[in-house]
S.K.: 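First the structure, which I've put down as structure tokens, then a few questions once you've had a look.
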Amino acid sequence: MNPQGEPGRSSFSSSTVAIGFAGTAIFIFLLVFGLNRDLYITILENREGLAEGSEWIEPTSSIHGLAQYISEYPDRTSVLQLPVNGNGPTIAWSPYERRPMGMTSKIVLLLYWADAFTTGAVDPEERVEWEEIRPYQIPHIGEHRFLEVEQFARSRGWLESNGQIVMGDLLRLLARSNSYGLFDYLWFRAGRENLEITLERTGMKETDLPLPFSGLYLAMAASFQGERSDTNLQRWTGDRSGFVEEVIQLASGMRVEPRRSELSLKLNRDRLGLDFSEERDMLALFPATTPSSMAWMLRKLYLNELLGSETDSLVLEWMSWPLEEEAINRNFDEYGAIYDSRIGLLGGIDFGLAAGSREPVVQVVYFDQVHIAVWFHLSGSHMHQNFQQRLMHDPELATTFNRLTHRHE
């Protein structure tokens, strides 16, 4: 299939694709940003960004088309798959390229809390008031995710009618959700020093310290910083240590009144002050890792050789939430994952033992600086998650992917 379009293609076909994408874009925008009065204005202002990469919408509707997209833009993707008991990788595409972790950075939080539970430093049955968590959610940025987590916790009976939830269930929620508020609450409860110690214990020397998301978004927000996005990006790129301190300070101050109310008004009016393309480019400021660093950590985790068998097993249990889906159970005897999706970034880390296979594998996939139209399309269909899973249990796809990507070597 020619991704640039074919001569003589009917106008009906092109219109159908365009209409279909427009509907998907609006749906995903609602999902990501929530409904507000400025929704349609925002979409209109980002119409050029939404068209970026639109010629790839139809091809990437299939897994093999997505592999072809990766082969055409090899600098934007990293994939590393390691057999747990083997000698070398089965798939290795840009394994040493630094990529923003996004929400996959929560693996460090999961490791810290699992260790705190198993060593007795923290009681997993400790009760937490849900209202204590709410102030950690940045106003108007990803609030829908926090509400979804709250509703899910109620549906499971984890969040009780008295508004309390136990710490162990908070970590189960963190493993399966991308809630900024929940992440930040557990980040600050753990504390920077403890997370730094945990990261050091893993041996992940190429992996940055996770940072609270509320501070990350405030530090990159042109509307909040009062600077153009490119100026802001250049300033913080040249001062990484200063950026880390700024992020933590901003996240800490966000919860204090009247600061929080003032911030809420500004973000409600201007959001981040970035268009979609600028927001994607600012991902360069996010804590980063290399697929190699992350994959070797996952391998040791799977083998219960990372922080101790009890701690490692608990993290693997938390990550195994996808097995609740029938489709996953059909294809895997074991499977666990952390996924992420934010403008310009798709990816995840996972481990699995495919049904009928004797060799478990660990895997890291990062789609970085994704074209805006492609990002909306893939996010709406969860194609990147399907791609990760298929790479593990579909040898034909793995062979096709290796063939397409290796032609660039």
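On a predicted model such as this, the values are computed, not experimentally measured, just so you know.
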S.K.: Using atom types as modelled and distance alone, determine if a side-chain donor or acceptor of Arg255 lies under 3.5 Å from a backbone N or O of Tyr136.
M.R.: no
S.K.: Can you list the residues that meet the ring-ring contact (aromatic ring centres under 6.0 Å, His included) rule with Tyr180, with sequence neighbours excluded?
M.R.: Phe213, Tyr217
S.K.: Give a yes or no on whether Arg156 atom CZ has more than 12 heavy-atom contacts from other residues, nucleotides or ligands under 6.0 Å away.
M.R.: yes
S.K.: I'd like to check the side chain to side chain donor-acceptor pair (under 3.5 Å) partners of Trp296; sequence neighbours left out, ordered by chain and number.
M.R.: none
S.K.: Going by the rule salt bridge (charged side-chain N to carboxylate O under 4.0 Å, His left out), which residues pair with Asp350 if we only count those two or more places apart in sequence or in a different chain?
M.R.: none
S.K.: Might you confirm whether atom CD of Glu196 has over 12 heavy atoms from other residues, nucleotides or ligands at distances under 6.0 Å?
M.R.: yes
S.K.: If the condition is side-chain contact (heavy atoms from CB on, under 4.5 Å), which residues does Arg189 pass it with, not counting sequence neighbours?
M.R.: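 Result, side-chain contact (heavy atoms from CB on, under 4.5 Å) vs Arg189: Trp113, Glu126, Val128, Met167, Tyr185.
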S.K.: Please round to the nearest 0.5 Å and tell me the distance separating atom CG of Leu307 and atom CZ of Arg201.
M.R.: 4.5 Å
S.K.: Indicate whether any N or O donor in one side chain lies under 3.5 Å from an N or O acceptor in the other, for Glu97 and Ser78.
M.R.: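 No, no side-chain donor-acceptor pair sits under 3.5 Å.
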S.K.: Is a side-chain N or O of Glu334 found less than 3.5 angstrom from the main chain of Phe351, in a donor-acceptor match?
M.R.: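 Answer holds: no.
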S.K.: What's the spacing between Leu303 CG and Ser309 OG if we round to 0.5 Å?
M.R.: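 Leu303 CG to Ser309 OG: 12.0 Å, rounded to 0.5 Å.
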S.K.: Step by step, would you call Asn232 with Met282 a side-chain contact (heavy atoms from CB on, under 4.5 Å)?
M.R.: CA-CA 9 Å; Asn232 200 15; Met282 296 296 281; 3.8 Å; yes
S.K.: Within the 4.5 Å heavy-atom criterion, are Arg76 and Val370 side-chain neighbours or not?
M.R.: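 Sidechains of Val370 and Arg76: no contact.
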S.K.: Hey, are Glu396 and Arg390 close enough for a salt bridge, meaning a charged N less than 4.0 Å from a carboxylate O?
M.R.: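 Here Glu396 does not pair with Arg390 in a salt bridge, since their nearest N and O are not under 4.0 Å apart.
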S.K.: Evaluate the criterion side-chain contact (heavy atoms from CB on, under 4.5 Å) for residue pair Met254 and Ile138; output intermediate values, then yes/no.
M.R.: CA-CA 8 Å; Met254 181 199 73; Ile138 183 171; 3.8 Å; yes
S.K.: What residues, two or more places apart in sequence or in another chain, satisfy ring-ring contact (aromatic ring centres under 6.0 Å, His included) together with Tyr96?
M.R.: none
S.K.: Restricting to ring-ring contact (aromatic ring centres under 6.0 Å, His included), what partner residues turn up for His393, sequence neighbours left out?
M.R.: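 Here the qualifying residues are Phe332.
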S.K.: Any salt bridge linking Lys106 with Asp340? Criterion: basic side-chain nitrogen under 4.0 Å from a carboxylate oxygen.
M.R.: no
S.K.: List for me each residue that meets side chain to side chain donor-acceptor pair (under 3.5 Å) alongside Thr104, sequence neighbours excluded, and say none if there are none.
M.R.: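 Side chain to side chain donor-acceptor pair (under 3.5 Å) list for Thr104, sorted by chain: Tyr366.
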S.K.: If we ignore hydrogens and angles and just use 3.5 Å, is the side chain of Thr198 paired with the main-chain N or O of Asn194 as donor and acceptor?
M.R.: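 The answer is yes, because a donor-acceptor pair under 3.5 Å joins these two groups.
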S.K.: Could you check if a side-chain atom of Ser94 sits within less than 4.5 angstrom of a side-chain atom of Arg99, using non-hydrogen atoms only?
M.R.: yes
S.K.: Quick test of your reading of the model: are Arg259 and Glu262 salt-bridged, counting only N-O distances below 4.0 Å?
M.R.: no
S.K.: Hey, does the side chain of Trp93 reach the backbone of Pro74 with a donor-acceptor pair shorter than 3.5 angstrom?
M.R.: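 Judged by distance alone, yes, a pair lies under 3.5 Å.
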S.K.: How many angstroms lie between atom CD1 of Ile338 and atom CE of Met101, to the nearest 0.5 angstrom?
M.R.: 11.0 Å
S.K.: Give the minimum heavy-atom separation between Met294 and Thr289, together with the two atoms involved.
M.R.: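 Where Met294 meets Thr289 most closely, the heavy atoms are CE-CG2, 3.9 Å.
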S.K.: What's the shortest heavy-atom distance between Ala295 and Leu80, and which atoms?
M.R.: CB-CD2, 3.6 Å
S.K.: Glu317: which residues meet the salt bridge (charged side-chain N to carboxylate O under 4.0 Å, His left out) condition with it, sequence neighbours left out?
M.R.: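 For Glu317 there are no salt bridge (charged side-chain N to carboxylate O under 4.0 Å, His left out) partners, ignoring immediate neighbours.
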S.K.: Of the non-hydrogen atoms in Arg280 and Gly344, which two are nearest, and what is the gap between them?
M.R.: CG-CA, 3.4 Å
S.K.: List the steps and the verdict of side-chain contact (heavy atoms from CB on, under 4.5 Å) for Leu171 and Tyr112.
M.R.: CA-CA 11 Å; Leu171 271 296; Tyr112 165 77; over 6 Å; no
S.K.: His377 and Ile57: which non-hydrogen atoms are nearest, and at how many Å?
M.R.: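 That would be NE2-O, 3.1 Å.
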S.K.: Under the side chain to side chain donor-acceptor pair (under 3.5 Å) test, which residues partner Asp169, sequence neighbours left out?
M.R.: Arg172
S.K.: Would you check if Phe183 and Ser105 make a side-chain contact, meaning some heavy-atom pair closer than 4.5 Å?
M.R.: yes
S.K.: Below 4.0 angstrom, N of the basic side chain to O of the carboxylate: do Glu150 and Arg154 qualify?
M.R.: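 Yes, charged N to carboxylate O under 4.0 Å.
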S.K.: For Glu324, is the CD atom crowded, meaning more than 12 foreign heavy atoms sit under 6.0 Å from it?
M.R.: yes
S.K.: State whether a side-chain donor-acceptor pair under 3.5 Å links Gln388 with Tyr339.
M.R.: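 Not at all, the side chains of Gln388 and Tyr339 share no donor-acceptor pair under 3.5 Å.
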S.K.: Between atom OG1 of Thr60 and atom CG of Leu66, what is the distance when rounded to the nearest 0.5 Å?
M.R.: 6.5 Å
S.K.: Decide yes or no for Phe286 and Leu345: does some side-chain heavy atom of the first lie under 4.5 Å from some side-chain heavy atom of the second?
M.R.: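 They are not in contact (no side-chain heavy atoms under 4.5 Å apart), so the answer is no.
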S.K.: Quick one: does any side-chain atom of Thr202 pair with a main-chain N or O of Leu199 as donor and acceptor, under 3.5 Å?
M.R.: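 Between the backbone of Leu199 and the side chain of Thr202 there is a qualifying donor-acceptor contact (under 3.5 Å).
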S.K.: Return yes if some donor-acceptor pair links the side-chain N/O of His140 with the main-chain N/O of Arg271 below 3.5 Å, else return no.
M.R.: no
S.K.: Give a yes or no answer on whether the side chain of Trp236 reaches the backbone of Met220 with a donor-acceptor pair at less than 3.5 Å.
M.R.: no
S.K.: To the nearest 0.5 Å, what is the distance between CG (Asp275) and CD (Glu278)?
M.R.: 4.0 Å
S.K.: Dump the intermediate steps for salt bridge (charged side-chain N to carboxylate O under 4.0 Å, His left out) on Glu245 and Arg192, then the final yes or no.
M.R.: CA-CA 11 Å; Glu245 298 302 327; Arg192 174 179 179 175; 2.8 Å; yes
S.K.: Does CD in Glu305 sit with more than 12 non-hydrogen atoms of other residues, nucleotides or ligands closer than 6.0 Å?
M.R.: yes
S.K.: To check you understand the geometry: which heavy-atom pair defines the closest contact between Pro210 and Trp187, and what is its length?
M.R.: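 Looking at all heavy atoms of both residues, the shortest contact is O-NE1, 2.9 Å.
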S.K.: Sequence neighbours excluded, which residues qualify as side chain to side chain donor-acceptor pair (under 3.5 Å) partners of Glu125?
M.R.: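 Side chain to side chain donor-acceptor pair (under 3.5 Å) list for Glu125, sorted by chain: empty.
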S.K.: So, does Glu143 use its side chain to make a donor-acceptor pair with the main chain of Leu147 at under 3.5 Å?
M.R.: no
S.K.: Do Trp130 side-chain atoms and Leu159 backbone N/O form a donor-acceptor pair below 3.5 Å?
M.R.: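 The answer is no, because no donor-acceptor pair under 3.5 Å joins these two groups.
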S.K.: ring-ring contact (aromatic ring centres under 6.0 Å, His included) with Tyr69: which residues, sequence neighbours excluded?
M.R.: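 With neighbours one apart ignored, the set is Trp56, Tyr73, His371.
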S.K.: How many angstroms lie between CZ in Arg260 and CG in Leu265, if you round to the nearest 0.5 Å?
M.R.: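 These two atoms lie 12.0 Å from each other.
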S.K.: Quick one: does Pro287's side chain get under 4.5 Å of Leu216's, heavy atoms only?
M.R.: yes
S.K.: Is a side-chain donor or acceptor of Trp375 paired with a backbone partner of Gln369 at a separation under 3.5 angstrom?
M.R.: no
S.K.: Using the salt bridge (charged side-chain N to carboxylate O under 4.0 Å, His left out) criterion, which residues pair with Arg240? Sequence neighbours excluded.
M.R.: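 Residues passing salt bridge (charged side-chain N to carboxylate O under 4.0 Å, His left out) with Arg240: none at all.
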S.K.: So do the side chains of Pro95 and Thr290 get within less than 4.5 Å of each other, counting heavy atoms only?
M.R.: no
